[in-house]
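One structure is given here, and the rest of the page talks about it.
Counting from 1, the numbers follow the sequence of the chain as shown.
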Amino acid sequence: MSTYINFSDIVIYTIILYFLYRGFFKVPKKYNDYIYRSIGYGMIFKKNKEIEILVQGLQDDRLTKYDMYGLFINISSLYYSKKDYANAITHFERGMDLINNEEFCFDKYYVKMLGCYILQGQKEKAIDLYNNLVPRQRYDIKFKKIETNFKFLDDLEKR
């Protein structure tokens with residue numbers, strides 16, 4: 001057996017060390033830093049720490065409202081994956097409040113949140129979100145998926 005280390009091994013070890021440093025030791029200063037650190041904890045199955053890192057990001061004054069929106073949506077998504085729908089809805093609504101009056105791109109997470117409202121028995125909020133998202137087809141055709149999958153909310157509203 002040889003103790004020879006080839007160049008590709010050094011590159012691989014360097015990349016691994018870089019991601020460990022970036023994910024666990026570097027002081028977060030930007031949105032992506034919080035996301036990478038959160039993902040790092042998620043990869044080692046520490047869901048609560050993953051959420052805690054994102055919540056810390058909400059305290060950072062350097063982040064823009066779009067960054068804050070992203071953190072709220074990521075926190076909401078983590079709660080959703082833990083089947084904690086009440087907290088998922090709370091953080092989703094706080095994020096949506098930041099950008100509700102602006103144009104934003106479709107995200108498949110909106111479909112999950114509509115389902116989450118329905119699972120929690122909050123039909124009125126589901127209808128409000130549906131009515132907020134469907135007209136956004138005028139600038140992003142992907143919002144058509146909302147109308148297609150949740151057409152029954154239109155029928156509920158008319159009753």
* Please name the pair of heavy atoms, one in S76 and one in M113, separated by the smallest distance, quoted to 0.1 Å. => OG-SD, 3.8 Å

* **Residue list, side-chain contact (heavy atoms from CB on, under 4.5 Å) with I141, at least two apart or on another chain** => none

* Asked: Which heavy atom in G42 sits nearest to a heavy atom in E50, and how many Å separate them?
  -> CA-OE1, 3.3 Å

* Asked: Measuring from L114:CG to I146:CD1, what's the distance to the nearest 0.5 Å?
  -> 5.0 Å

* To do: List the atom of I118, the atom of A126, and the distance in Å for their closest heavy-atom pair.
  => CG1-CB, 4.1 Å

* Using side-chain contact (heavy atoms from CB on, under 4.5 Å) as the criterion, list what pairs up with N101, not counting sequence neighbours. => none

* Asked: Do any N or O atoms from the side chain of R136 and from the backbone of N132 form a donor-acceptor pair under 3.5 angstrom?
  -> yes

* Any idea how F143 and Y139 line up, ring-wise: parallel (<30°), tilted (30 to 60°), or perpendicular (>60°)? -> perpendicular

* Tell me, do I75 and L58 make a side-chain contact under 4.5 Å, heavy atoms counted? -> yes

* **Residues that K144 engages under side-chain hydrogen bond (donor to acceptor under 3.5 Å, both in side chains), provided they are two or more places apart** => E147

* To do: Any chance you could lay out the side-chain contact (heavy atoms from CB on, under 4.5 Å) test for D97 and F92, step after step, and finish with the verdict?
  => CA-CA 9 Å; D97 287 345; F92 174 76; over 6 Å; no

* Give, for atom OH of Y117 and atom CD1 of I127, the distance between the pair rounded to the nearest 0.5 Å. => 12.5 Å

* Residues in salt bridge (Lys or Arg N to Asp or Glu O under 4.0 Å) with E93, at least two apart? -> K125

* Structure fact -> Sorted by chain and residue number, the side-chain hydrogen bond (donor to acceptor under 3.5 Å, both in side chains) partners of Y69 (sequence neighbours excluded) come out as Y110

* When you look at F104 and D140, which way does the side-chain contact (heavy atoms from CB on, under 4.5 Å) test go after all the steps? -> CA-CA 8 Å; F104 52 86; D140 187 346; over 6 Å; no

* To do: Determine the minimum heavy-atom distance between F72 and H91, stating which atoms define it.
  => CB-O, 3.5 Å

* **Partners passing salt bridge (Lys or Arg N to Asp or Glu O under 4.0 Å) against K46 (at least two apart in sequence or in another chain)** => none

* Asked: In chain order, what residues pass the side-chain contact (heavy atoms from CB on, under 4.5 Å) check against T64, with sequence neighbours excluded?
  -> Y66, D67

* Which distance, rounded to the nearest 0.5 Å, do you find between the CD1 of I35 and the CZ of R37? -> 12.5 Å

* Residues in salt bridge (Lys or Arg N to Asp or Glu O under 4.0 Å) with K49, at least two apart? -> E52

* **Atom pair NZ/CZ of K123 and F152 - distance to nearest 0.5 Å** => 10.5 Å

* To do: Carefully, step by step, assess N74 and Y31 under the rule side-chain hydrogen bond (donor to acceptor under 3.5 Å, both in side chains).
  => CA-CA 11 Å; N74 278 291; Y31 169 77; 3.3 Å; yes

* To do: For Q120, enumerate each residue passing the side-chain contact (heavy atoms from CB on, under 4.5 Å) test, keeping only those at least two apart in sequence or located in another chain.
  => Y85, A86, I89, Q122

* To do: Over all heavy atoms of both residues, which pair between G57 and L71 is shortest? Give the atoms and the distance, please.
  => C-CD1, 3.5 Å

For residues 8-16, tabulate all N or O donor-acceptor pairs below 3.5 Å that involve a side-chain atom, not counting sequence neighbours.
unit_1: S8; atom_1: OG; unit_2: N6; atom_2: OD1; d: 2.9
unit_1: T14; atom_1: OG1; unit_2: I10; atom_2: O; d: 2.7

* Are the side chains of Y34 and I39 in touch, meaning some heavy atoms are under 4.5 Å apart? -> no

* **Residue pair P28 / D60: nearest heavy atoms and the distance that separates them** => O-OD2, 4.3 Å

* To do: Just do the side-chain contact (heavy atoms from CB on, under 4.5 Å) check on Q137 and K145 with the steps written out, would you?
  => CA-CA 9 Å; Q137 293 176 50; K145 293 176 185 179; over 6 Å; no

* Any donor-acceptor pair under 3.5 Å linking the side chain of D33 with the backbone of K30? -> yes

* To do: Please identify each residue that fulfils side-chain hydrogen bond (donor to acceptor under 3.5 Å, both in side chains) with D84, with sequence neighbours left out.
  => N87

* Asked: Mind checking whether Y80 and Y109 have parallel, tilted or perpendicular rings, split at 30° and 60°?
  -> perpendicular

* Structure fact -> The salt bridge (Lys or Arg N to Asp or Glu O under 4.0 Å) partners of K82 (sequence neighbours excluded) come to none

* Quick one: do E102 and K65 make a salt bridge, cutoff under 4.0 Å? -> yes

* At what distance, to the nearest 0.5 angstrom, does CD1 of I51 lie from OG of S81? -> 7.0 Å

